[in-house]
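The model shown is predicted, which means the values in this text are computed figures rather than measured ones.
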Amino acid sequence: MGKDVIVALDFDSKEKTLAFLDRFTEEKPFVKIGMELFYAEGPSIVREIRGRGHKIFLDLKLHDIPNTVKKAMAALSALDVDIVNLHAAGTAAMMTAALEGLTRPGGTRPLLIAVTQLTSTDQERMERELWIEKPLAEVVMHYAENAAQAGLDGVVCSPLEAGVVHERCGKDFIIDVRISGDEYTDGGLTLNDMIYVSRRLEKAGVDMIHVSGGTTIKRGSAIPAAGTQQASHAACSREIKKHVNIPVATVGRINEAWIAEELIEDGAADICMMGRANLCDAEFCNKAAAGNADDIRPCIGCLRCLNGIMFGKRISCTVNPDVERDEAGYEPAAEAKNVLVVGAGPAGMEAAFIAAKRGHNVVLVDKQDEPGGEMRIAAVPPAKQELTRVIKYQYRRLAEAGVKCVFGTELTAEDIQRDYAGYEVVLAYGAEPIAPAFMQGFKQVMTADDLLGGKAFPGKKIVIVGGGTVGCETADYLAPLVNDLSPANRDVTVIEMTKTLAANEGGAGRAVLITRMLSKGVHVLTEAKVTEITEDAISYEKDGEVHTIADADTLVLAMGYRPNTKLADDLAAAGVATHVLGDANKCGNIRDAIGDGYKVACEL
């Protein structure tokens, strides 16, 4: 069992838990179930996981009364679990009660492990022993002796038992404790609480404190989403640093080198922890140290890396396609070719760069006057401006790789046959917004792209059809920053056919977007379908009834996109072979576009 893998699950429902476990078709790891899930779902969750062939590790907190513990453990023993991690079982009598309750009629039982930080019915006495009267090591060793005498299989020590760790492992064994410097929630731990905890940690022998913040329950507070404050927990680390004499680290959307340098120079932290930024570019620190910060692949904080894992997918990165590939990198081309890339969006620029780095002669042509494609429009709504860093990064690499860029030129099939005969042709010119004909009769109608791109200008009472990411971001863009009911404010309504908004988004990013949008007073109609549009009215059906909005002055369409296949079809009809990628092939997100560009370029 020492080599078994334990998968700790933190899902909030049985359905999500079982969906995740369905990924394991061959190897069946241990499954650790936390208190919240077990108490919410009861014994059924244990039986279903066991039925899938997994061993089970229960992590439970019980009342500190021996008789209660014994009865609870007896109930658990019937569930055929393999390990029980028991909080609040400090005395020998408590541990013995737990053990007796777990022992089955045949004499078998799960492994029972006790946790040291909740150790007695007499909380005040234990605090005195822990903090004042006894050396920490003595308390921990006494607790361990209680566990051994009761017949338990092991103990788990809290970070406060650092002295014991140093005693066993030596002073040069670094102990870094990560804390939430402030939970940013009413009733949660505050900065003052954590200053006290930090001082106790230092006294206990901890070598370094890593200050995070927030909670996983309040989405977006612990792991900040794209567009939110950079160095989001630095205020906590700065204050905690004033009260301890050991190094203090900070974390939270530190995705640019200058921010890390400022935090350290300004005394906010001794160390900056960067997770997502280093995943996006593993050479982040080396490039920064060499003075080449412009060469750092920009992390936009979108949480694609985390969201994929949470839904049982392999890790990936929106900006770096190498992250999800076992064999990262590309090989030089066996034969140098002339390559034409049509479209300078994320897919086209990635394809052009990789093809040029592999040794091909590449020309990139776009009908717009500047690079970026749809990313330029996507960067307009609030909290999306970091996408401009991706455009800047991708475009900068093209010059480095020797790609010839031609802007302001829209190519036809005849142009390509005439001017680029013999070229490998890569089509990455994007897609076009869906705009149903029956919606065109309203007095002022526009697509979200036209609005965000500055080609159309809305009135003051606006209806947006489509509550996906684009529709919600457009509403966020149009709604007043302050919802003060001023007559000058725009009135924005979103109509969405499904039950929810921005369904393709996940985690903190979606939570922040929807919360901000609603706080601005945006009206939301879900499970509503537009049925008729006249010059002056918009009708929709909801809950079996038809309603009409008669006072709107602008209709905005955010109903998704479809590939524009005309150029690809014309070239195919002329017998010209092409590689179609990105939204020109199948509409997706920025990660899909960059990944397509990378993949196709590696195959040229």
Side-chain angles (χ1 to χ4, degrees), residues 158-163 165-166 169-184 189-216 220-226 228-301 303 305-306 317 320 386 508:
S158 79
L160 294 177
E161 288 111 35
V165 177
H166 276 149
C169 304
K171 285 288 186 182
D172 59 345
F173 188 84
I174 297 173
I175 301 175
D176 168 18
V177 176
R178 177 168 169 138
I179 65 172
S180 190
D182 190 327
E183 293 189 340
Y184 312 128
L189 293 170
T190 67
L191 178 57
N192 285 338
D193 294 331
M194 301 317 294
I195 289 171
Y196 173 79
V197 169
S198 298
R199 294 173 69 181
R200 305 307 302 182
L201 286 169
E202 180 181 22
K203 186 175 180 180
V206 165
D207 300 296
M208 185 175 85
I209 297 174
H210 179 175
V211 180
S212 181
T215 66
T216 55
S221 62
I223 305 176
T228 56
Q229 180 183 351
Q230 292 171 295
S232 54
H233 308 306
C236 294
S237 65
R238 183 191 300 277
E239 191 60 30
I240 288 172
K241 192 173 183 298
K242 297 175 184 177
H243 298 273
V244 297
N245 297 299
I246 55 177
V248 173
T250 189
V251 70
R253 246 176 65 77
I254 303 172
N255 58 352
E256 296 185 70
W258 70 269
I259 294 175
E261 291 169 356
E262 285 291 323
L263 290 169
I264 293 171
E265 290 180 13
D266 197 35
D270 300 295
I271 303 164
C272 289
M273 300 291 191
M274 294 175 284
R276 288 174 282 176
N278 278 294
L279 184 69
C280 185
D281 191 334
E283 293 295 316
F284 184 108
C285 293
N286 291 333
K287 290 177 181 178
N292 298 323
D294 285 345
D295 293 335
I296 296 173
R297 190 188 302 262
C299 168
I300 58 176
L303 292 170
C305 46
L306 180 62
C317 174
N320 187 353
E386 280 188 284

**Student:** Give, for atom CD1 of I195 and atom NZ of K242, the distance between the pair rounded to the nearest 0.5 Å.
**Tutor:**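 The distance works out to 8.5 Å.
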**Student:** Looking at every non-hydrogen atom in both residues, tell me the closest pair between T228 and R253 and how far apart they are.
**Tutor:**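 Heavy atoms of T228 and R253 come nearest at O-NH2, 2.8 Å.
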**Student:** To the nearest 0.5 Å, what is the distance between CG on N192 and CD on E239?
**Tutor:**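 Answer for the CG-CD pair, N192 versus E239, is 8.0 Å.
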**Student:** With heavy-atom distances below 4.5 Å as the criterion, would you say the side chains of N292 and E283 are in contact?
**Tutor:**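 Answer no - side chains too far apart.
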**Student:** If you round to the nearest 0.5 Å, how far is OG1 of T190 from OH of Y184?
**Tutor:**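 If I round to the nearest 0.5 Å, the distance is 11.5 Å.
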**Student:** Between R276 and L303, is the side chain to side chain contact (heavy atoms under 4.5 Å, CB included) condition met? List the steps.
**Tutor:** CA-CA 8 Å; R276 288 174 282 176; L303 292 170; 3.1 Å; yes
**Student:** How close do A277 and N255 get, counting heavy atoms only, and between which atoms?
**Tutor:**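 Minimum heavy-atom contact is CB-CA, 3.9 Å.
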**Student:** Look up atom NZ in K241 and atom CG in D270, then write down how far apart they are to the nearest 0.5 Å.
**Tutor:**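 That separation rounds to 4.0 Å.
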**Student:** Search all heavy atoms of A222 against all heavy atoms of H233 and return the closest pair with its distance.
**Tutor:**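 The answer is O-NE2, 3.2 Å.
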**Student:** Does atom CD1 of I174 have more than 12 heavy-atom neighbours, drawn from other residues, nucleotides or ligands, at distances under 6.0 Å?
**Tutor:**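 No.
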**Student:** Calculate, to the nearest 0.5 Å, the distance between atoms OH and CG belonging to Y196 and L201 respectively.
**Tutor:**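 The CG atom of L201 is 10.5 Å from OH of Y196, to the nearest 0.5 Å.
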**Student:** How close do S221 and G214 get, counting heavy atoms only, and between which atoms?
**Tutor:**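 Minimum heavy-atom separation between S221 and G214: OG-CA, 3.4 Å.
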**Student:** Without hydrogens or angle criteria, can the side chains of R178 and S212 be said to hold a donor-acceptor pair below 3.5 Å?
**Tutor:**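 Yes.
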**Student:** Just by modelled atom types, is the N245 backbone N or O under 3.5 Å from a matching donor or acceptor in the E202 side chain?
**Tutor:**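 Looks like yes, one N/O pair under 3.5 Å.
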**Student:** On a heavy-atom basis, which atom in I259 and which in A231 lie closest, and how many Å separate them?
**Tutor:**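 Residues I259 and A231, closest heavy atoms: CG2-CB, 4.1 Å.
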**Student:** Please identify which of these residues, M274, Q230, E262, meets the side chain to side chain contact (heavy atoms under 4.5 Å, CB included) condition with I254.
**Tutor:**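 Filter result, single survivor: M274.
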**Student:** What closest approach, in Å, do I175 and D207 show between heavy atoms, and which atom pair accounts for it?
**Tutor:**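 Where I175 meets D207 most closely, the heavy atoms are N-OD2, 2.8 Å.
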**Student:** Checking side chain to side chain contact (heavy atoms under 4.5 Å, CB included) against S237, which of V251, I209, V211 comes through?
**Tutor:**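 Between S237 and the candidates, side chain to side chain contact (heavy atoms under 4.5 Å, CB included) is satisfied uniquely by V211.
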**Student:** So, applying salt bridge (Lys or Arg N to Asp or Glu O under 4.0 Å) with K287, which one of D295, D281, D294 is it?
**Tutor:**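 Testing each of D295, D281, D294 against K287, the sole residue satisfying salt bridge (Lys or Arg N to Asp or Glu O under 4.0 Å) is D281.
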**Student:** Drop me the distance from I246's CD1 to I240's CD1, to the nearest 0.5 angstrom.
**Tutor:**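 It is 10.5 Å, given to the nearest 0.5 Å.
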**Student:** Within the 4.5 Å heavy-atom criterion, are H243 and S198 side-chain neighbours or not?
**Tutor:**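 The answer is no, as the side chains (C-beta and beyond) never meet within the 4.5 Å cut-off.
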**Student:** Is there a side-chain contact between L279 and C299, using heavy atoms and a 4.5 Å cut-off?
**Tutor:**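 Answer no - side chains too far apart.
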